[in-house]
Amino acid sequence: MINEIVSSRVAHLDLPLPHGVRAGDFVFVSGQVAALPDGTIVTGDFEAEVRAVLDNVRNVVEAAGGTLADVCKVTVFLGNTTLFERMNRVYQEYFTPPYPARSTVLAPLSNPDLRIEIEAVAYIPAG
């Protein structure tokens, strides 16, 4: 059975896109962007953008009853390879060893103002 995960601390975008879903003991966090809960997009300061994205990931995981320590896989979509090191510095503020498995993909994002999107998988035993 698949159940939708909703966080009141993540923007509700007008898209067919849940914040996340639970399937058994796994929580799949949809790709999160730098949207604040009121829908405002964080732009200009890349580190602030990364923090907003990771705050959204954390908020969805917490809504499912977990913490970032429960995240086992992360996929990062970057709009530009020159942002990789800056993303890594902020990423290490949120995740600590043992780090989740991670892939980083260079990809154009749906909005030209966005430079990063992150999706995650967490293992949070149900119940």
Side-chain angles (χ1 to χ4, degrees):
M1 183 171 191
I2 296 175
N3 297 304
E4 183 174 358
I5 305 294
V6 178
S7 172
S8 61
R9 298 183 300 172
V10 175
H12 294 276
L13 305 175
D14 189 25
L15 297 169
L17 178 72
H19 293 154
V21 297
R22 174 183 282 281
D25 291 338
F26 288 94
V27 172
F28 298 86
V29 178
S30 294
Q32 297 297 311
V33 297
L36 299 176
D38 67 2
T40 304
I41 301 293
V42 176
T43 60
D45 177 347
F46 182 68
E47 284 80 7
E49 190 175 333
V50 176
R51 285 184 184 92
V53 171
L54 289 170
D55 286 344
N56 286 342
V57 170
R58 179 179 54 213
N59 290 335
V60 176
V61 170
E62 287 177 353
T67 70
L68 288 179
D70 298 312
V71 173
C72 52
K73 175 67 169 97
V74 173
T75 305
V76 178
F77 301 93
L78 280 179
N80 186 317
T81 57
T82 64
L83 301 171
F84 184 78
E85 290 305 321
R86 291 165 59 195
M87 177 275 297
N88 258 340
R89 282 193 297 273
V90 177
Y91 184 90
Q92 290 176 355
E93 295 172 13
Y94 287 77
F95 294 101
T96 58
Y99 294 109
R102 187 178 85 188
S103 301
T104 304
V105 179
L106 179 63
L109 301 175
S110 61
N111 177 329
D113 291 331
L114 300 174
R115 295 179 282 178
I116 186 169
E117 180 174 332
I118 297 177
E119 67 180 20
V121 178
Y123 179 74
I124 307 168

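Position 1 is the first residue of the sequence; numbering continues from there. On a predicted model such as this, the values are computed, not experimentally measured, just so you know.
Glu49 places a side-chain heavy atom less than 4.5 Å from the side chain of Ile116. When side chains are defined from C-beta on, Thr104 counts as touching Met87, because their heavy atoms get closer than 4.5 Å.
Taken together through direct or relayed side-chain contacts under 4.5 Å among Ile, Leu, Val, Met, Phe, Trp and Tyr, Leu114 and Val53 form parts of separate hydrophobic clusters. Follow the hydrophobic side-chain contacts under 4.5 Å out from Val33 and you never reach Val90; the two are in separate clusters. When hydrophobic clusters are built by joining Ile, Leu, Val, Met, Phe, Trp and Tyr residues whose side-chain heavy atoms come closer than 4.5 Å, directly or via intermediates, Phe46 is grouped together with Tyr94. Clustering ILVMFWY residues whenever any of their side-chain heavy atoms sit less than 4.5 angstrom apart, transitively, puts Ile5 in the very cluster that holds Ile118. Connection of Val74 to Val121 is not established within any shared hydrophobic cluster, with ILVMFWY side chains joined at heavy-atom distances below 4.5 Å, either directly or through further cluster members.
Closest heavy-atom contact between Ser30 and Pro18: OG-O, 2.6 Å. Closest approach of Phe26 to Cys72, counting heavy atoms only: CE2-SG, 4.5 Å. Here the shortest heavy-atom pairing between Val61 and Thr67 reads CG1-O, 3.3 Å. Here the closest non-hydrogen pair linking Asp25 and Ala126 is OD1-N, 2.8 Å. When every heavy atom of Ala107 is checked against every heavy atom of Phe77, the shortest pair comes out as CB-CD2, 4.3 Å.
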Trace of the side-chain contact (heavy atoms from CB on, under 4.5 Å) decision for Asn80 with Arg115 = CA-CA 7 Å; Asn80 186 317; Arg115 295 179 282 178; over 6 Å; no

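Annotation: cation-pi pair Arg102/Tyr91 present, NZ/CZ under 6.0 Å from the ring centroid and within 45° of its normal.
Interatomic distance, CZ of Arg22 versus CD1 of Ile124, reported as 5.5 Å (0.5 Å rounding). Note: Leu54 CG to Asn59 CG = 10.5 Å, rounded to the nearest 0.5 Å. Rounding to the nearest 0.5 Å gives a distance of 7.0 Å between OG of Ser7 and NE2 of His12. Here Arg9 contributes atom CZ and Arg58 contributes atom CZ; the two are 7.5 Å apart, rounded to the nearest 0.5 Å. For the atom pair CG of Leu36 and CG of Asn56, the computed distance is 7.5 Å after rounding to the nearest 0.5 Å.
Only one option out of Leu109, Val76, Leu78 pairs with Glu117 in a side chain to side chain contact (heavy atoms under 4.5 Å, CB included); it is Leu109.
Heavy-atom contacts from other residues, nucleotides or ligands closer than 6.0 Å to CD1 of Ile2 number 12 or fewer.
Remark: the backbone N or O of Ala11 is paired with a side-chain donor or acceptor of His19 at under 3.5 angstrom.
Note on residues 32-46: pairs passing side-chain hydrogen bond (donor to acceptor under 3.5 Å, both in side chains), not counting sequence neighbours, are Asp38-Thr40.
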